[in-house]
Amino acid sequence: MNNPLAVKLGSIQLKNPIMPASGCFGFGQEFAQLYDLKQLGAVVVKAVTLRPIWGNPTPRVAETPGGMLNAIGLQNPGLDVVCREKLPWLAEQDVPIIVNIAGETVADYVAVAETVSRQTGVIALELNISCPNVQKGGMAFGTSPETAAELTRAVKAVSSVPVFVKLSPNVTDIVEIAQAVEAAGADGLSLINTLLGLAIDLRKRRPILANVTGGLSGPAIKPVALRMIHQVYRAVALPIIGMGGISSAEDVLEFMLAGASAVAVGTANFVDPLIMPRIINQLPGLLAELGVNSISELIGALEV
Amino acid sequence: MNNPLAVKLGSIQLKNPIMPASGCFGFGQEFAQLYDLKQLGAVVVKAVTLRPIWGNPTPRVAETPGGMLNAIGLQNPGLDVVCREKLPWLAEQDVPIIVNIAGETVADYVAVAETVSRQTGVIALELNISCPNVQKGGMAFGTSPETAAELTRAVKAVSSVPVFVKLSPNVTDIVEIAQAVEAAGADGLSLINTLLGLAIDLRKRRPILANVTGGLSGPAIKPVALRMIHQVYRAVALPIIGMGGISSAEDVLEFMLAGASAVAVGTANFVDPLIMPRIINQLPGLLAELGVNSISELIGALEV
Amino acid sequence: MNKYLGTILNSARLTSNVFKLVVSVPELTENVTPGQFCQIRIATELSHDPLLRRPISVADYDPTRQKLTFIIRESGRGTKFLARLVPGQQIDLFGPLGTGFPVHRLVKGDRALLIAGGIGAPPLYYLARQLHANGVECATILGFRSHSESFLIDEFSQFGPVRVVTDDGTLGSCGNVCTEITAWTSEGLDWTHGFACGPLPMLQALQAQLAGDGRPVWVSLEKRMACGLGACAACTCRPANPNSTASGPRLVCKDGPVFLLGEVELGE
Amino acid sequence: MNKYLGTILNSARLTSNVFKLVVSVPELTENVTPGQFCQIRIATELSHDPLLRRPISVADYDPTRQKLTFIIRESGRGTKFLARLVPGQQIDLFGPLGTGFPVHRLVKGDRALLIAGGIGAPPLYYLARQLHANGVECATILGFRSHSESFLIDEFSQFGPVRVVTDDGTLGSCGNVCTEITAWTSEGLDWTHGFACGPLPMLQALQAQLAGDGRPVWVSLEKRMACGLGACAACTCRPANPNSTASGPRLVCKDGPVFLLGEVELGE
Ligand SMILES: Cc1cc2nc3c(=O)[nH]c(=O)nc-3n(C[C@H](O)[C@H](O)[C@H](O)COP(=O)(O)OP(=O)(O)OC[C@H]3O[C@@H](n4cnc5c(N)ncnc54)[C@H](O)[C@@H]3O)c2cc1C
Ligand SMILES: Cc1cc2nc3c(=O)[nH]c(=O)nc-3n(C[C@H](O)[C@H](O)[C@H](O)COP(=O)(O)OP(=O)(O)OC[C@H]3O[C@@H](n4cnc5c(N)ncnc54)[C@H](O)[C@@H]3O)c2cc1C
Ligand SMILES: Cc1cc2nc3c(=O)[nH]c(=O)nc-3n(C[C@H](O)[C@H](O)[C@H](O)COP(=O)(O)O)c2cc1C
Ligand SMILES: Cc1cc2nc3c(=O)[nH]c(=O)nc-3n(C[C@H](O)[C@H](O)[C@H](O)COP(=O)(O)O)c2cc1C
Ligand code: FES
Ligand code: FES
């Protein structure tokens, strides 16, 4: 019998379209205490940089209506530790790995991409050109089509696995950026990263986040994510990993209708740490209820 | 005794900083059944265009997590009816009027501005260059600094009252647009208009809105609004009317800390139709609790 | 119209997904016309989600004891919230809103035909009670998907003859309200004024069936709303004859929800 | 650690803004260490706001009857929600989380000093009960702003001597926990292990006062959290000595909330 949840992300075959969003799942070890990671379509790990990063001062998170801000600042143990400890452990869990990579310069990205793409279990890279919480690099790469394309080209040249470029929603025209990275050879797109936001502590007259601003995620941004995925899906041919506020099996299918071939669940893991296996278990029943044989039929099937 | 709620919007003196956001209050007649409009700092009316507009097909609104989408499409009875019926009625309520104006071409805007700015009771125009729900004009004017500046200049040339330019948040760099309209002679800024979003009816596989996409408003967008106001406040000298998700007296003060000299309450009027008088009544107590003598001390007082 | 705090007196299931809420609203002294509705707040003041109020028709009103009744079908998040309310809890109501049925256009001796599809029945119940009290004869057709989804049948029977029709024939005759109008008419049903509430396809079919009939039929429409008050233009509908005078857009929340069948275009 | 459904057994006010929730969690069979906490979900599954869970320390645990106690101060939206819960309602708990107090590092004859500031008292109560059961002597200093804000005094008294200190002198001595440590020490207080929980300024003052003391003092820290599990890096703190081995960032939710005083930088 065919697996109704199987999807293809370009050349990549996944047993289901559900994966964690980068930064919301660490390197998987903590959630593995709660359930078997093998159930997931893939695991997207926290952004990896060349050297270890401490990240921003705390507070790093703030709750907002229907969402949250974060300004983690890419805290991670750096390429060496990731390749020596984190990825080997994850590879043993028998789940496909997608590594989110970040850097301050093109050379940083290239160095990380070259090494990390060759680690066991890594099936794709996710190029984070959209982190709003670092001074250098990050979102700066993601708001200009030219720099986004240049970076994509450089990483593609060294990566041994497909490269997904993760776009920033903080732009006037996301389609323009998507087309630029498509032309530069990207194998797929991830969207969206967080919207830049500010939360204020009225009594202290200060921003809640030590970093002043942070990235807005969670259900609040879902309509913006769906709109951008829909726009991009119609304009480029690349497979899309969709994300932004997903918190139910219904949300997953809405993202696929808008054009996502797979989805990432981020903030919702904090609300319900068991959400991903729950969604995976609910999807077959929901598809049956909707009269859909294979989830991949829904990709881009929105009628407008 | 001094009025602790008094604020100045450039040359305009308001008895308090609370006004409805354009499009969420019609021309005031409906809410006047619930309370005396004289209590408000000002009334901002629905966008007025040269000719009557029917607007988009329905459904025109969709609920989203912590927010809503609208695609009204600038439905309004047109300049003649507004000047003949709506504004005279409002002027009789003894509340300052700010008229939001929209159009498809620069000439449209100019024609509306010229006439409407001379109506009794009108203290300012709000130039809507950020409506995401119309095919022509609207947001197109608000996403390029050049066209925004050109339109501002043209309207300033004919308006007999101060002109506030209402900016779109759907841009990479809102500061750049703000600076362009400042240079073009704007007297103030209103921000933010709605974020472009999409909501999907999973069972019908169709967008919920007949117009496909719509503008996201409500608490969900509050962090984005605060961030943009903060950025713009630091970069331009113009007074700002802040809006985007305000639904409490605390929210009002947060917007003022970020840099707003006055605020507009939009979507929250639908959640609680009595919200504006309630906020106005609560503000003096809240200020006292915070040890603030005059609300205008808070404008831009965020410590970063 | 005003914002009121109500206290749940009773919550009861009528079918597996339809429930009745009886709410005490001590401060309500306004008149409530059948066909008017309330915008019910879903979340408490500590939560922003679900954000918007839900429009729900008044299914009954007892002005001496200030008791409002709503009959609600659990469909999405908001109505699921309402279904969980228990006696003693408070809800925030904004209403009564809109223009209801023209109860007083009918006088003793007039003969009303009430046509309800599914969850369209509640507002017609309050209407029937008032018409009956005014000496108007009421005949009612209630359409449901099946026996298990039927409700309010005995209640309508207090006011006159009731015919039930179901899609699957598990109760009453098999068919829909249109086939039942035809059947009952051939058996001698006679009416002077019609009133209908139900799903859009039912109203469209009714409009086709009764086109040119001449007798006035009022229908209660649904439209996605934001303000419920006439201020936001979310709930616009077009007059059926755009060349008529007074041809501007009509608002379901203010000019409606009750319109004369044929007065406005029927659409989502 | 797991996600559990609990049922409120009891909700009671301890002061005007501190309340106690007793929750039955039949499926909880794990060990719960004093100092561990739960992430409590605020909104129901039908609502996205307030979105995040709230970290609340376990104030007591009865493993035979699977009853968890939380003592909570109403401050913002989330704790206001929790304050409205009534017996019979269900809550969604994720826990027990984090690394608690090293109860078993102390043995019969050791003398514990417990230092609590305001809402810092609850986790120390559960700790005191376990230490006492293990034969450890417990001396407790409870600091409050004033008499009206005091709570748990009798409860701590079951386990040993208690000194109360208030900012305004309305109960016990006038001062803060630091002045009380000094006073009590001069009156002969003798302890081998310290445990503290309270507001950041109190912990900072304690650190200054006890610098170089030599006796181990464990403190329970607070930090804004998202996952509560160690996966998101929201709750990082820096080791106080960045040149020490094992010098990577520490996580309050996983490596803490209990740290040895002096082990990590104290900050918001
Ligand atoms: C004037 C009027 C009177 C009504 N009276 C009743 C009644 O007496 N009993 C009853 O069960 N239902 C009634 N409805 C329909 C009821 O408003 C919807 O079923 C309800 O809003 C759905 O909310 P939800 O949260 O369950 O669904 P969701 O899908 O979560 O709702 C999402 C949004 O869409 C809106 N929406 C969804 N369906 C409808 C609809 N059919 N009409 C209008 N808005 C909708 C909601 O109000 C909300 O804003 C009435 C509708 C109108 C316009
Ligand atoms: C490990 C740990 C144990 C705790 N134990 C208790 C306890 O037993 N009793 C008790 O009353 N309080 C305890 N707190 C503090 C409690 O978590 C906060 O008071 C609570 O989160 C405030 O939520 P709110 O919704 O009322 O405030 P809001 O201001 O609405 O909260 C907004 C956001 O900020 C976070 N936040 C606000 N204040 C704090 C804080 N002091 N610490 C961490 N996050 C915060 C909230 O969790 C939420 O994400 C503990 C905190 C931590 C970290
Ligand atoms: C705490 C946190 C940390 C994040 N870290 C990263 C990261 O390291 N790299 C990245 O590309 N995106 C990161 N993101 C963005 C998410 O991967 C995701 O794009 C975004 O949160 C929207 O999805 P959501 O609404 O489901 O959370 C982070 C998000 C959060 C909330
Ligand atoms: C139903 C609706 C209609 C609106 N119409 C207009 C309009 O005509 N002109 C305009 O400048 N903004 C319009 N807006 C945007 C609001 O004025 C405001 O900028 C936005 O909704 C953010 O504020 P809020 O979150 O408080 O609603 C409209 C918003 C809504 C929800
Ligand atoms: S719902 Fe706002 S005008 Fe009808
Ligand atoms: S809260 Fe996520 S790592 Fe601590």
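Chain identifiers are assigned alphabetically (A, B, ...) following the order of the sequence lines, protein sequences preceding nucleic acid strands; residue numbering begins at 1 within each chain. Atoms considered below: every heavy atom in the structure, side chains included; atoms not considered: hydrogens, waters and symmetry mates.
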Heavy-atom distance under 4.5 Å to chain A: side chain of [X], backbone, both or neither?
| X | value |
| --- | --- |
| B:Val252 | neither |
| B:Leu216 | side chain |
| B:Val224 | both |
| B:Leu298 | side chain |
| B:Ile208 | neither |
| B:Leu195 | side chain |
| B:Ala258 | both |

Look at [options] and state which one has the largest set of heavy-atom pairs under 4.5 Å with chain A.
| options | result |
| --- | --- |
| B:Gly66, B:Pro219, B:Gly245 | B:Pro219 |
| B:Gly197, B:Pro223, B:Ala301 | B:Pro223 |
| B:Gly214, B:Ser247, B:Pro65 | B:Pro65 |

Any donor-acceptor pair under 3.5 Å linking the side chain of [X] with the backbone of [Y]?
| X | Y | value |
| --- | --- | --- |
| A:Thr172 | B:Thr172 | yes |
| A:Glu297 | A:Val292 | no |
| A:Asn170 | A:Thr194 | yes |
| B:Asn211 | B:Asn56 | no |

Atom pair [atom1] ([X]) and [atom2] ([Y]), whose distance is rounded to the nearest 0.5 Å:
| X | Y | atom1 | atom2 | answer |
| --- | --- | --- | --- | --- |
| A:Asn193 | A:Met243 | CG | CE | 8.0 Å |
| B:Leu69 | A:Arg227 | CG | CZ | 10.5 Å |
| A:Leu127 | A:Lys166 | CG | NZ | 11.5 Å |

Applying the side-chain hydrogen bond (donor to acceptor under 3.5 Å, both in side chains) test to A:Ser217, which of A:Thr64, A:Asn70, A:Thr267 qualifies?
A:Thr267
Just give me the residue among A:Pro207, A:Ala199, A:Pro169 that pairs up with chain B most often, heavy atom to heavy atom, under 4.5 Å.
A:Pro207
Counting only heavy atoms closer than 4.5 Å, note whether A:Ile174 contacts chain B via side chain, backbone, both or neither.
neither
